[in-house]
Structures are given as C-alpha cells and as structure tokens.
Amino acid sequence: QVQLVESGGGSVQPGGSLILSCAASGRTLSSYIMGWFRRAPGKEREFVALVNRSGGTTLYADSVKGRFTISRDNAKNTVYLQIDSLKPEDTAVYYCAAEVSVFASRRASEYDYWGQGTQVTVSS
C-alpha cells in the first residue's frame, strides 16, 4: 500500500503558475501509474493528467493541454504537476492518485490510492 501527500497549492492570480507535488511513502512509486485529478466547487471530480511508470508517456485532459505538465521522479518517490497560465476555471482541489493496473486510465474509479488534496485558487 502507498500513502500519497500533495502539496504546493495556493492562491494565485490569473496567468500565474504553481508546481504541485505528490510525495509517496510506503511503497516505491515506480510500481504505479500516477494521475492528477481535480474537483471544482459544485462539480464532479475530473481527470487532469497521467504519467506512466517510467515517466515516458503522459496524457492530458483537453482543457489543460499545453498549460499543465506532469512529471515524476521515481528516485524521489514524487510526482509533479506544473501548472502555467492559470485561469479562474482551474480553481479546484487537486488530487494525485496511484493506479496498480497496467492500463493507464482517465477514470478515477480505476485508481487505487488517493491523496488528501491540495487547494488551488485562481482569482484576481
């Protein structure tokens, strides 16, 4: 079993940037496909990005493509989400999640372990 802890959220102005981190403990992060999801106020949780075990393959939601970058450092047991050109509609709680399956999925139900989330607020 792996424990995940997100950090790096905060309040920023539109156009700003943040780097979210997800630190894993309990098991080696390289055992998992890693994803980032978010839940905006009053909305369903939605897929943001995922990265495969080696870090060589990534996938993004259309709404964040070109602005968000997911990466991982398996030696540090950490996954990152670089968020640039932030928009008010990016305001949400951001969660990292770990998937045991060999098939990378955008579906939250496929992920086995979740962090507690970190709040990102974009406002002028």
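With hydrogens and angles disregarded, no donor-acceptor distance shorter than 3.5 Å links the side chain of Asp73 to the backbone of Tyr80. Although no hydrogens or angles enter the test, the distance criterion places a donor-acceptor pair under 3.5 Å between the side chain of Ser105 and the main chain of Arg107. No donor-acceptor pair closer than 3.5 Å links the side chain of Asn77 to the backbone N or O of Thr28. Using a distance-only test at 3.5 Å, with no hydrogens or angles considered, no donor-acceptor pair links the side chain of Arg39 to the main chain of Val93. Looking at Glu6, its side chain never comes within 3.5 Å of a backbone N or O of Leu20 through a donor-acceptor pair. Between the side chain of Arg72 and the main chain of Leu29, a donor-acceptor pair closer than 3.5 Å is present. Checked by atom type and distance alone, the side chain of Thr58 never pairs as donor or acceptor with a backbone atom of Ile70 at under 3.5 Å.
One finds a salt bridge joining Arg38 and Glu46 here, because a Lys/Arg side-chain nitrogen approaches an Asp/Glu carboxylate oxygen to under 4.0 Å.
Trp114 and Phe37 have tilted rings, their planes meeting at an angle from 30° to 60° on a 0 to 90° scale. Aromatic ring pairs are classed by plane angle as parallel below 30°, tilted from 30° to 60° and perpendicular above 60°; the pair Tyr94 and Phe68 is tilted.
Counting only N and O atoms by type, the side chains of Asp84 and Ser17 include a donor and acceptor under 3.5 Å apart.
With contacts defined as side-chain heavy-atom distances shorter than 4.5 Å, the pair Ser101/Tyr111 does not qualify. Counting heavy atoms from C-beta on, the side chains of Phe103 and Ile33 never come closer than 4.5 Å. Using a 4.5 Å heavy-atom cutoff, the side chains of Ser123 and Gln13 are not in contact. The shortest distance between side-chain heavy atoms of Met34 and Leu50 does not fall below 4.5 Å. With a 4.5 Å cut-off on side-chain heavy atoms, Ser85 and Arg67 count as touching. Residues Val48 and Tyr60 form no side-chain contact, since every pair of their non-hydrogen atoms from C-beta on lies 4.5 Å or further apart. Residues Pro14 and Pro88 meet the side-chain proximity criterion, which asks for heavy atoms closer than 4.5 Å. In this structure the side chain of Leu18 reaches within 4.5 angstrom of the side chain of Leu86, judged on heavy atoms.
Considering every non-hydrogen atom in both Ala61 and Arg106, the closest pair reads CA-NH1, 4.1 Å.
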Could you give me the CA-CA distance, side-chain angles and deciding distance for Lys65 and Asp62, then say whether salt bridge (Lys or Arg N to Asp or Glu O under 4.0 Å) is met? CA-CA 5 Å; Lys65 204 173 293 184; Asp62 288 343; 3.1 Å; yes
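Hydrophobic clustering (ILVMFWY, side-chain heavy atoms < 4.5 Å, transitive): Val100 and Val51 are in one cluster. Hydrophobic clustering of Ile, Leu, Val, Met, Phe, Trp and Tyr side chains at less than 4.5 Å, counting indirect connections, unites Tyr95 with Phe47.
By the 6.0 Å contact criterion, CD on Glu89 is enclosed, its count of non-hydrogen atoms from other residues, nucleotides or ligands being greater than 12.
Evaluated for a side chain to side chain contact (heavy atoms under 4.5 Å, CB included) with Ser21, the options Val79, Thr78, Thr118 yield exactly one hit, Thr78.
Here Tyr32 contributes atom OH and Leu4 contributes atom CG; the two are 8.5 Å apart, rounded to the nearest 0.5 Å. Atoms CZ and OG, on Arg53 and Ser31 in that order, are 7.5 Å from each other to the nearest 0.5 Å.
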